J.: 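Okay, handing you the structure first.
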Amino acid sequence: METDMTRGNPLPIILKFTLPLLIGNIFQQFYNMVDTIIVGRFVGADALAAVGSTGTIMFLVIGFSQGMSTGFTVLTSQRFGAGDENGTKRSVANGILLSLFVIVFMTLISLTFMRTLLKIMNTPQNIMEDAYTYISIICIGIFTNVFYNLFSSFLRSVGNSRIPLIFLVLSACLNIMLDLVFVINFKMGVAGAAWATNVSQGISAFLCIIYITKKVHVLTPEKHHWKLHGYDTKIQLSVGIPMALQFGITASGTMIMQSAVNLFGSVAVASNTAANKFQSMVIQGMVAMGQTMATYSGQNYGKGDIGRIKRGVRLALTTEVIYAVVCTVIVILGLPFALRLFFSGNVDLADILPWAKTYSYLCASFYIPLGTIFIFRNTMQGCGYGLLPMLGGVVELAARLVTATLAIKFVSFPLACACDPAAWLSAALFTGISYVYVIKKVEKKLVS
């Protein structure tokens, strides 16, 4: 099922590779959303707010770990595109060993400082304990998330986006069943939702490992590959660290936004959580296209075909703009129906809807610049350039910080909601300019 993305018409190859990623991302968002739906309907609105208030912290911790491990697979994609089988296997072994260090470090750090972080973020007192319980259990399971993303990224690096999808669908179904059992039958509350997520992700990771060892020879290291290689470590860290920092910086910005939203109480937090979950589901096509471009550019960079990279980016941008318009329509029309999934009948949706509309409508106006970020950022990373995408995260952080500060100062919920659009617009401009610079640099390097 490996796909050579260095030959043939780019658009069909890109779309064919993106579709399984899109479905997989939707399922991943879906089983994350199931946590909040079940918690909101069977535990209560405060419990939903508790889970929602930790979303940005979860993005920080998991995103940092995921960014690091995903960055380790860029070298694998480049070597596969260059036809270097031994180098591909060596990069896999090296990436796994480096990921073990990342897991230990992130687990210890996150568990040590979690309660302090929740207090800094103005987490409402009535949801503090549930929030701490939920996010602490998620942090205990960091290793399941890292390993699933690492091994699924290895598969995507050689052009296989279908097998990770199959395992993710199975995991999503299991997550839903475990949510129902743990939360409803065992009355475990938010802890049950967190454990359901950890177990289901762990099974996804295990299935990926089994498949790779049985079916994908090029991704199966041999005994002599299992040690840290200086050159591979240098390359993988040079891409992985900026990707991790990019996630971390972006997440820090969303935490600042969450701190502003938290000031408006648990109703505002719960409505913002529901709207954000719905939006995350809808925009997954943008994320999937970005993931595709990382593999596409990595393989073509390995082969040295700069013209094909540029052509693929143009086609991806056109597709992304069309998709962004469709997303805007879906969010505007579908929001009232989506909110009903998150709350039980004793919650008055008339109190929830105005808060959710403010956030969703503001964000929907800026989906086109958001889509371009994924294209430019992942293309640069696929070519081995991690610094400028990371600095794009710094631009997002600055935009969110300024906007959130104003929201807190003027006690303005619309300004708090505008943190995301401000970040997207600023980062889109920065990454667009950065892409032009990087692609010229790559062209000069490959031609010479």
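In this chain, numbering begins with 1 at the start of the sequence shown. When reading the values below, keep in mind they use all heavy atoms of this one structure, side chains included, and skip hydrogens, waters and symmetry mates. What you see is a predicted model; the values in this text were computed from it and never measured.
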J.: If only side-chain N and O atoms count, and only distance matters, is there a donor-acceptor pair under 3.5 Å linking Thr403 with Arg400?
T.: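 No, no side-chain donor-acceptor pair sits under 3.5 Å.
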J.: Please check if the number of heavy atoms outside Tyr361 that lie under 6.0 Å from its OH is greater than 12.
T.: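 Check passes, neighbour count above 12.
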J.: Determine whether the side chains of Asn94 and Thr233 contain a donor N or O and an acceptor N or O closer than 3.5 Å.
T.: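 Their side chains do contain a donor-acceptor pair, which is all the 3.5 Å distance test asks for.
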J.: Using a 4.5 Å cut-off on heavy atoms from C-beta on, say whether the side chain of Trp226 contacts that of Ile96.
T.: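 When only atoms from C-beta onward are counted, Trp226 and Ile96 do touch, with a gap below 4.5 Å.
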J.: Does Lys227 offer a backbone N or O that forms a donor-acceptor pair with the side chain of His229 under 3.5 Å?
T.: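 Yes, because the side chain of His229 sits within donor-acceptor range (under 3.5 Å) of the backbone of Lys227.
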J.: Donor-acceptor pair, Ser171 side chain versus Ser200 backbone, under 3.5 Å?
T.: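 Checked: pair present.
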J.: Please determine, by modelled atom types, if Thr18 and Thr292 share a side-chain donor-acceptor pair under 3.5 angstrom.
T.: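 Note: Thr18 and Thr292 side chains meet the donor-acceptor criterion.
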J.: State whether the number of non-hydrogen atoms from other residues, nucleotides or ligands found under 6.0 Å of Glu222 atom CD is greater than 12.
T.: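 Atom CD in Glu222 is crowded, with more than 12 foreign heavy atoms closer than 6.0 Å.
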J.: Are Glu396 and Ser426 side-chain neighbours, meaning at least one heavy-atom pair lies under 4.5 Å?
T.: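 No, side chains not in contact.
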J.: Can you tell me if Gln299 uses its side chain to pair, donor with acceptor, with the backbone of Gly81 under 3.5 Å?
T.: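 Not confirmed, Gln299 side chain does not pair with Gly81 backbone.
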J.: Applying side-chain contact (heavy atoms from CB on, under 4.5 Å) to Met286 and Leu370, what does each step give before you reach the verdict?
T.: CA-CA 8 Å; Met286 302 179 191; Leu370 173 62; 3.9 Å; yes
J.: Hey, are Thr88 and Thr76 close enough side-chain-wise for a donor-acceptor pair under 3.5 Å?
T.: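 There is no such pair between these side chains.
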J.: Do NZ/NE/NH1/NH2 and the carboxylate oxygens of Lys89 and Asp84 come within less than 4.0 Å?
T.: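 No, this pair does not count.
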J.: Scan side-chain atoms only and decide if Tyr367 and Glu320 contain a donor-acceptor pair under the 3.5 Å cut-off.
T.: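 No, no side-chain donor-acceptor pair sits under 3.5 Å.
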J.: Can you find a heavy atom in the side chain of Pro164 that is under 4.5 Å from one in the side chain of Tyr148?
T.: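 Counting from C-beta outward, Pro164 and Tyr148 do come under 4.5 Å.
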J.: Check the side chains of Gln201 and Asn175 for a donor-acceptor pair under 3.5 angstrom, ignoring hydrogens and angles.
T.: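 No donor-acceptor contact under 3.5 Å links the two side chains.
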J.: Would you kindly say whether Tyr359 and Asp420 are connected by a side-chain donor-acceptor distance under 3.5 Å?
T.: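 Per modelled atom types, Tyr359 and Asp420 side chains form a pair under 3.5 Å.
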